Number of protein chains: 2
Amino acid sequence: MRALHADTGYLLYRLGLHSGRLFNATLEEFGLRLRHYAMLRYLATVEGALQRELSERLGYDPSAIVSLVDDLQSLGLVERQPAPGDRRSRVVVLTERGAEVLRDTDKGSRRVTEQLLAPLDPAERETLQQLLARVAESARD
Amino acid sequence: MRALHADTGYLLYRLGLHSGRLFNATLEEFGLRLRHYAMLRYLATVEGALQRELSERLGYDPSAIVSLVDDLQSLGLVERQPAPGDRRSRVVVLTERGAEVLRDTDKGSRRVTEQLLAPLDPAERETLQQLLARVAESARD
DNA sequence: CAGCAACTATTGACGACAACAATTATTGGT
DNA sequence: ACCAATAATTGTTGTCGTCAATAGTTGCTG
């Protein structure tokens, strides 16, 4: 019987857990979880998104989006604005304070990735990034 | 602001979630979760392990080991045997039925990894496996 | 233009899971 | 004989993923 860690799928699962733990540990001081950080990061790239879009892009259930936006809104990091032309939707936008916090937390995020990839040299890191990106791309059915 | 999926750490986190979901989906018909499968796989390589060892090797909390072994025992896939020389410990061993189920589930497991790595050719898969193994090794402090 | 199906955000429920404290029984050392 | 360390267990707490149900809104279609 081959060993369990010889299985790439299982290895991905375990490293994913580990990576999430590292992220959450560094985000703890900001009162944020990885999910919040992911949302802030995404909002910084688009300047306003419907909650439905956040659900699709981030891969979280719509009900999860609601409480995540609630959290960030109560911290003053995002705002819900009425969507032009559709009263069902809300546009979530990053506040000035949200952009600041994002800049701060980004340092910690880079440290986490640095720590994870410590045993790899720059060329290997790039290779890993490319391979993972292709796997992720094909997984996004 | 660079995109979120340009971050290898976050990519690992997301792929880990995805990989876990795929595993759990194929294990569902056997009434098992990924954690159970991991334990069965490990037990098949060692022929008997203390619960403390399972906790260390699989990276799960001792309390989690208790309920996992409970589950597998109630399905008749493993047994708790008295540990020779130490009445505190129990030796967990795979039953005949456990070995059968493991053989069956292993097919599904290979399908999952195959599905995950579909976009990569054999050489790339090997590269990815090696890189991930090194990252995992350094993560096991 | 009336009605109906589809959609957006929301609430609530449930089980899985991680992390941790506390307890019981047992061991090994002094 | 005592005491610190250890193995398994129980229980608690918070996070998370998944799913069902609802209210309000929109746009299509007959």
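Residue numbers begin at 1 in each chain, while the letters A, B, ... track the order of the sequences. This structure is a prediction, so every number in the text was calculated from the model and none was measured. Note that these values count all heavy atoms, side chains included, but never hydrogens, waters or copies made by symmetry.
- At dA23(D), none of the side-chain N or O atoms of Arg88(A) fall inside 4.0 Å of OP1 or OP2 (strictly under the cut-off).
- In this structure, Tyr60(B) atom OH and dC20(C) atom P are separated by 17 Å, rounded to whole Å.
- Within 4.0 Å of Asp61(B), counting heavy atoms only, lies at least one base atom of the nucleic acid.
- Leu32(B) has its CG atom 14 Å from the C1' atom of dA16(C), to the nearest Å.
- Phosphate contact (OP1/OP2 of dA6(C), side-chain N/O of Arg52(A), threshold under 4.0 Å): absent.
- Here the P atom of nucleotide dA16(C) and the OH atom of Tyr37(B) are 21 Å apart, to the nearest Å.
- Contact of the Leu43(B) side chain with the Val93(B) side chain is not registered, since no non-hydrogen atoms from C-beta on lie closer than 4.5 Å.
- The nearest heavy atom of DNA chain D to Pro62(B) and to Tyr13(B) marks one nucleotide each, and the one closer to the 5' end goes with Pro62(B).
- dG14(D) atom P lies 15 Å from atom NE2 of His36(A), rounded to whole Å.
- Residue order along DNA chain C, read from the 5' end via each residue's closest nucleotide, puts Glu53(A) first among Asn24(B) and Glu53(A).
- Residues of residues 63-72 of chain A that place a heavy atom closer than 4.0 Å to DNA chain C, in numerical order, are Ser63(A), Val66(A).
- Computed from coordinates, the His18(A) NE2 to dA19(C) C1' distance equals 16 Å when rounded to whole Å.
- Set against dT25(D), dC17(C), dT8(C), the side chain of Arg87(A) has dT25(D) as its closest nucleotide.
- Residues Arg80(A) and Val91(A) form no side-chain contact, since every pair of their non-hydrogen atoms from C-beta on lies 4.5 Å or further apart.
- Looking only at atom types and distance, the side chain of Tyr10(B) has a donor-acceptor partner in the side chain of Arg14(B) under 3.5 Å away.
- In this entry the distance linking CZ of Arg90(A) with C1' of dT25(D) reads 12 Å, nearest Å.
- Under 3.5 Å, the side chains of Gln129(A) and Thr8(B) contain a donor-acceptor pair of N or O atoms.
- Rounded to a whole Å, the CZ atom of Arg33(A) is 13 Å from the C1' atom of dT13(D).
- Taking atom CG of Asp86(B) as the reference point, atom P of dA5(D) lies 17 Å away to the nearest angstrom.
- A donor-acceptor contact closer than 3.5 angstrom links the side chains of Tyr37(B) and Arg41(B).
- We find that Arg111(A) and Glu114(A) are not joined by a salt bridge, their nearest charged nitrogen and carboxylate oxygen being 4.0 Å or further apart.
- Counting only N and O atoms by type, the side chains of Arg90(B) and Gln51(B) include no donor and acceptor under 3.5 Å apart.
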